[in-house]
Amino acid sequence: MKQRVAALLREQFERDVVLEKPKDRSFGHFATPVAFSLAKELRKSPIVIAEELASSFGEDPMFSAVESVKGYINLRLSESFLDEYASWALENEEIFGSIGEDEKILLEFVSANPTGPLHIGHARGAVYGDTLLRLGRKLGFDITAEYYVNDAGNQIDLLGLSIQLEGRASILNEKVEYPESFYRGEYMTDLAKEAADVFGTEIFHDESRQKELAMWAKDKVLDIIVKDLADANIHFDTFVSESSLYDDWDRVMAKMGNSVYSAEDKIWIRSSEHDDEKDRVVVREDGRPTYLAGDIVYHNQKFERGYHHHINIWGADHHGYIPRVKAATEFLGYDSKKLEVLLSQMVSLLKDGEPYKMSKRAGNVILMSDIIEEIGADALRFIFASKKSDTPLEFDVNELKKEDSSNPIFYINYAHARIQTILGKSELSMEEIMQSDLKGLNADADGLLFEALLLPEVIEDAFVSRQVQKMPEYLKSLAARLHKFYYDYRIIGEEDEAKLLKLFLVVALSLRTGLSMLGITAKDRM
RNA sequence: GCGCUCGUAGCUCAGCUGGAUAGAGUACUGGUUUGCGGUACCAGCGGUCACACGUUCGAAUCGUGUCGGGCGCACCA
């Protein structure tokens, strides 16, 4: 809708124009301050320019009014345009919101180490990524959701060792010393128990079998992670294992040519040539590759798979890592602008205003599964999607348990359910409702209709700007408008019943579609 | 010390490709339709948009600096 208006104005004024929604709807549906930017160029007052532009605007079926007010040009959409668009949306629910994009995008997110269940910080990145995924797919993008499994390196060795220690402690009842960095928690006890069944308890003392134990365990842990994600309605298309990538190492090294060099018996990458503070080691003296080496091969593979664009979502504590990965992609001959790294910040939880207690049994972290159990996946997803992902967030779990307007997810669902109820009460058939036209509506109804029809703009804006919080904001405001309208006007038995119900259908469509972007299924009854 | 990032109402946060009177929820005060779900609605209270300077017709939004918070500065991932 907005695109069509913008295109029309561009043609009319022969330049790009800024379109905005006036705060005061009595000004019209859209407005543009274009006259202000022309003022200097034309050496005329903005008010005069706006006057001229507005009056130069001939009859167009899209608008019922084009007026200049204090230098702004206000545009009012025509009833027939709005009705036509609303009818189209109701009949084309699946593509309402699509802009027909077909770019291939690789979206990599979560990628938590397979050494333990997901905690609340992972959950934020997971929700952010999955929301982007849904928004992008709605727009038409061909997006692959990928999980990079870090199943190589120290943390995997540590996992094997941790299970051995856990097995000795909890199964063989030996006294063991746990170094601080070791993995602990309920899931480790379970894993040790299962390992005892599968391999026999002697594996807990066999140092040579640590690796075997670790490789077995990481698959088990990955199962736990996949289940945690599924509980939040998050699903991945592909899993790429880090350890499987190293076969390709020699070829990738060759591809980088003299961007890598040997010094001090190690191999380095010249990342300082691309905005990094210094060159980085990729292979240590003993021949073991660093984490960066794996990421280089992985990103090479990503680019070779032929996507138009790549998005990575990382924890904000990894932001210093971005320049070296970008440098590597340049050295591999790819455009690092096609690699976009988004950050997801820390989360701190409160309960009744007090810091949320970390789970001792899980090893002093707050588990994602605990929070889902406590407030539900919908509430978790909504709250995380509501805030900018790159700023720290603090929230109180108890506020999400309330069943009134203070709980936004409840409030939005209630708006949707109200519409379903009233549709059920009406004696009009769906045909009668659909055949009515949305004309002669008062200002409140018009405002509600317009807001509901803005959904596609919100989806596109939220995805393109990577600011997923725009969707929850929009849904809250649309729900509020619906509740107010419902309070102010009677529907059933009124002369306008059919057209008001048609209007409500559009609102329900946008609420439902918007919620689905957040991975939430709208409720028909509360 | 260097880099990134943030600082908006008592609290949690939107708004940031510069534009009409800075918004929402919460908290607090006070109200509401003999009617479709009062699990709703309305009003009031509450702001030097951290501070300073600059750019501009116009700055919460852009730039520089200061102060304050977070994160990072590994051959860990």
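The chains referred to below are lettered A, B, ... by the order of the sequence lines, with proteins before strands, and numbering in each begins at 1.
Atoms NZ (A:Lys476) and C1' (B:rU12) sit 10 Å apart, rounded to a whole Å. Computed from coordinates, the A:Phe382 CZ to B:rU12 C1' distance equals 14 Å when rounded to whole Å. At whole-Å resolution of the value, CD1 in A:Ile322 and C1' in B:rA77 are 15 Å apart. Here the P atom of nucleotide B:rA77 and the CD atom of A:Glu242 are 8 Å apart, to the nearest Å. Rounded to whole angstrom, the span from the NZ atom of A:Lys401 across to the C1' atom of B:rG25 amounts to 19 Å. Between the C1' atom of B:rU12 and the NZ atom of A:Lys402 lies a distance of 12 Å, rounded to the nearest Å. Going from atom CG of A:Leu400 over to atom C1' of B:rU12 covers 11 Å, rounded to whole Å. Between the CZ atom of A:Phe36 and the P atom of B:rA59 there is a distance of 13 Å, rounded to whole Å.
For the salt bridge (charged side-chain N to carboxylate O under 4.0 Å, His left out) test, no residue two or more places apart in sequence or in another chain qualifies with A:Lys326. Residues passing the salt bridge (charged side-chain N to carboxylate O under 4.0 Å, His left out) test with A:Lys351 are A:Glu374, sequence neighbours excluded. For A:Lys220, the side-chain hydrogen bond (donor to acceptor under 3.5 Å, both in side chains) partners are A:Glu194, not counting sequence neighbours. For the side-chain hydrogen bond (donor to acceptor under 3.5 Å, both in side chains) test, no residue two or more places apart in sequence or in another chain qualifies with A:Thr32. For the salt bridge (charged side-chain N to carboxylate O under 4.0 Å, His left out) test, no residue two or more places apart in sequence or in another chain qualifies with A:Lys387. For A:His299, the side-chain hydrogen bond (donor to acceptor under 3.5 Å, both in side chains) partners at least two apart in sequence or on another chain are A:Asn312. Judged as a side-chain hydrogen bond (donor to acceptor under 3.5 Å, both in side chains), and not counting sequence neighbours, A:Asn113 has no contacts. Taking the salt bridge (charged side-chain N to carboxylate O under 4.0 Å, His left out) definition, one finds that A:Glu242 meets it with nothing, sequence neighbours left out.
Aromatic ring pairs are classed by plane angle as parallel below 30°, tilted from 30° to 60° and perpendicular above 60°; the pair A:Phe331 and A:His274 is perpendicular.
With hydrogens and angles ignored, a donor-acceptor pair closer than 3.5 Å exists between the side chain of A:Asn74 and the base of B:rA20.
Ion pairing between A:Asp461 and A:Lys470 holds under the 4.0 Å rule for side-chain N and carboxylate O. Using a 4.0 Å cut-off between charged nitrogen and carboxylate oxygen, A:Glu146 and A:Lys302 do not count as a salt-bridge pair. A salt bridge is defined here as a Lys NZ or Arg NE, NH1 or NH2 lying under 4.0 Å from an Asp or Glu carboxylate O, and A:Asp404 with A:Lys402 fails to meet this definition.
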Taking only N/O atoms, report every protein-nucleotides 38-42 of chain B pair under 3.5 Å with atom names and distance.
residue	atom	partner	partner atom	Å
B:rG38	OP2	A:Arg418	NH2	3.1
B:rA40	OP1	A:Ser405	N	2.6
B:rA40	O2'	A:Arg418	NH1	3.1
B:rC41	OP1	A:Tyr411	OH	2.4

Just the table, please: protein N/O against nucleotides 68-74 of chain B N/O, every pair under 3.5 Å.
residue	atom	partner	partner atom	Å
B:rC73	O2'	A:Glu277	OE1	3.2

Strictly under 3.5 Å: I want the nitrogen or oxygen pairs between protein and nucleotides 14-16 of chain B, one per line.
residue	atom	partner	partner atom	Å
B:rA14	OP1	A:Lys388	N	2.8
B:rA14	O2'	A:Glu473	OE1	3.3
B:rA14	O2'	A:Glu473	OE2	3.4
B:rG15	OP1	A:Gln469	NE2	2.8
B:rC16	N4	A:Lys388	NZ	3.1

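Looking at A:Glu497, its side chain does come within 3.5 Å of a backbone N or O of A:Gly493 through a donor-acceptor pair. Using modelled atom types, one side-chain atom of A:Asn407 and one backbone atom of A:Leu400 make a donor-acceptor pair closer than 3.5 Å.
To the nearest whole angstrom, the two P atoms, one in B:rG15 and one in B:rA24, are 15 Å apart. One P atom belongs to B:rU48, the other to B:rU8, and the distance between them is 11 Å to the nearest Å. Taking the P atom of each, B:rU17 and B:rU5 are spaced 16 Å apart, rounded to whole Å. Taking atom P in both B:rC49 and B:rU61, the straight-line distance is 10 Å, to the nearest Å.
Closest-nucleotide positions on RNA chain B for A:Ile491 and A:Glu264 were compared, and the one nearer the 5' end corresponds to A:Ile491. Judged by closest nucleotide on RNA chain B, A:Asn407 is the one of A:Asn407 and A:Asp524 placed further toward the 5' end.
Residue A:Met434 comes nearest to A:Lys502 through the heavy atom pair O-NZ, 3.5 Å, listed as atom of the first residue, atom of the second, then distance.
For RNA chain B, each stem of at least three Watson-Crick or G-U pairs (distances under 3.5 Å) is given as range with range: B:1-7 with B:67-73, B:10-13 with B:23-26, B:28-32 with B:40-44, B:50-54 with B:62-66.
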